[in-house]
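Remember, it's 1-based here, ligands and their atoms both numbered in the order they're listed.
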Amino acid sequence: MSTEDLIKQAATDLVESNYSIALTGAGISTESNVPDFRGTKGIWTTDKEAEAKAYERYGLFLRDPKAYWEEMLGSRGTYGGFYEEIRKAEPNPGHYALAELEKMGILKCVITQNIDGLHRKAGSERVLEYHGSIDKLRCLSCGSRLAVEEVSLEELPPRCKCGAALKYDVVHFKESIPLDVMEGSEKEALKCDLVLICGTSAVVYPFANLPKMARYHSGKSGLTNVKIIEVNAEPTPLTHEGISDYLIQGKTGEVLPKIAEEGRRISHKAQD
Ligand code: APR
């Protein structure tokens, strides 16, 4: 099938679904000038040292929270500058298309690996931030989350009311997914009858388990018509393993608005 035919198919599948969810990764934000990690110009693709440092970040926080903060707030050369860049980003047509599908009553939830907050900025209301957000800090001891603006960074590390050191509410490598987000995401994967997967290499777990849960659960619960659709610049393990029904290969910022537009056309036609 041509890309145009696949877009029409995806729009039809979405309109006919009862409970669609979207799973997104860094690829949906590259058209907002937020680099991805493993794409051709990804951060990990181009800077292996940065990737190695990222794998040590959670351990650094546990060992020496002050050193963690000094690294996080450092110049462009360290992660801190990256967060400042992300904060300047604006949503792109891919984010807006998912927000529109939610407003049309089709998309019930977006579960994103992205920490850039661009889905909410685009107007999506039900967003689960699977890897957290740069806009919040979190206490590992009592589980409190605070907006970055609420906490002074004069003295490092910033501390929670309970006395423990706070960290960014961003899930670093080797850190577990916060239970509330993990549980909420699994509930969505088990409840849905369509998964729209946008801009992820689908190689990081446990997030990459979510489409498999939807696929596997469908066999058990008789929801055998669960559709799993990928929109990505390149095939992923989900494509190769047949977890997804089809891949629409292209830019999310171009493909998703066409799916939303076709979905709107089909919905209006049905109402006539
Ligand atoms: N349109 C469609 N696909 C795109 C676009 C685009 N405009 N730009 C990039 N892509 C694709 C890339 O080809 C790649 O397959 O999006 C995918 C992005 O994959 P990753 O860079 O691995 O990002 P992601 O899957 O979100 O990474 C998961 O890894 O480093 C951790 O915590 C980090 O949340 C991140 C996790």
Side-chain angles (χ1 to χ4, degrees), residues 3 6-7 10 22-58 61 72 79 82-83 86 89-98 110-119 122 127-134 138 167-178 181-182 185 195-212 229-241 243-244 246-260:
T3 301
L6 286 171
I7 286 170
L23 304 182
T24 70
I28 198 170
S29 294
T30 55
E31 291 165 83
S32 297
N33 296 321
V34 177
D36 65 6
F37 298 96
R38 299 172 188 84
T40 45
K41 301 194 196 85
I43 305 175
W44 304 154
T45 311
T46 55
D47 187 345
K48 290 301 173 197
E49 198 191 320
E51 184 175 27
K53 271 189 123 174
Y55 271 89
E56 297 318 313
R57 195 150 284 132
Y58 182 52
F61 174 76
M72 295 309 279
Y79 217 60
F82 178 47
Y83 283 11
I86 294 179
E90 289 301 323
N92 67 62
H95 298 103
Y96 287 116
L98 294 185
V110 174
I111 307 173
T112 186
Q113 297 172 95
N114 302 339
I115 59 176
D116 55 31
L118 290 180
H119 286 297
V127 180
L128 288 173
E129 291 167 312
Y130 202 78
H131 289 161
S133 154
I134 54 172
R138 186 156 60 92
K167 64 179 286 291
Y168 270 113
D169 182 19
V170 168
V171 178
H172 297 299
F173 287 118
K174 302 181 192 170
E175 182 179 357
S176 46
I177 306 296
V181 174
M182 167 85 88
S185 304
V195 186
L196 181 61
I197 306 172
C198 316
T200 181
S201 59
V203 295
V204 172
Y205 285 80
F207 184 87
N209 257 333
L210 293 170
K212 297 180 181 179
I229 304 163
E230 284 186 277
V231 180
N232 206 55
E234 60 190 348
T236 73
L238 299 176
T239 327
H240 301 308
E241 293 164 19
I243 297 291
S244 53
Y246 52 91
L247 163 69
I248 306 177
Q249 193 152 355
K251 289 186 160 192
T252 47
E254 293 167 7
V255 171
L256 294 176
K258 288 179 181 167
I259 291 176

Quick check for you: to the nearest 0.5 Å, what is the distance between T30 atom OG1 and N92 atom CG? 7.5 Å
What atoms of ligand 1 come within less than 4.0 Å of a heavy atom belonging to G250? 1 (N), 2 (C)
Taking 4.0 angstrom as the limit and counting only heavy atoms of V204, give me the atoms of ligand 1 inside it, by number and element. 28 (C), 29 (O), 36 (C)
Residue E31 vicinity, atoms of ligand 1 by number, heavy atom under 4.0 Å: 1 (N), 6 (C), 7 (N)
Which atoms of ligand 1 sit under 4.0 Å from any heavy atom of A26? 23 (O), 24 (P), 26 (O)
Do me a favour and list the nearest non-hydrogen protein atom to atom 9 (C) of ligand 1 with residue, atom name and distance? D36 OD2, 3.2 Å
Report yes if some N/O of G25 lies less than 3.5 Å from some N/O of ligand 1; otherwise report no. no
Proximal atoms of ligand 1 relative to W44 (non-hydrogen, under 4.0 Å): 30 (O)
Thinking salt bridges, do R57 and E175 make one under a 4.0 Å N-O criterion? no
Which of the atoms of ligand 1 are close to E234, meaning less than 4.0 Å from one of its heavy atoms? 12 (C), 13 (O), 14 (C), 15 (O)
Heavy-atom proximity to atom 8 (N) of ligand 1, best of N232, T30, T200: T30
List every atom of ligand 1 that sits less than 4.0 Å from any heavy atom of K251, numbering the atoms from 1 in the order shown and giving each element. 1 (N), 2 (C)
Side chain, backbone, both or neither: the part of H131 lying under 4.0 Å from ligand 1 by heavy atom: side chain
Between T24 and H95, do the side chains contain an N or O donor and an N or O acceptor separated by less than 3.5 Å? no
Centroid-to-centroid, F61 to Y168, below 6.0 Å? no
Parallel under 30°, tilted from 30 to 60°, perpendicular over 60°: which one fits the rings of Y55 and F173? parallel
Of all protein heavy atoms, the one nearest atom 3 (N) of ligand 1 is A233 N, 3.0 Å
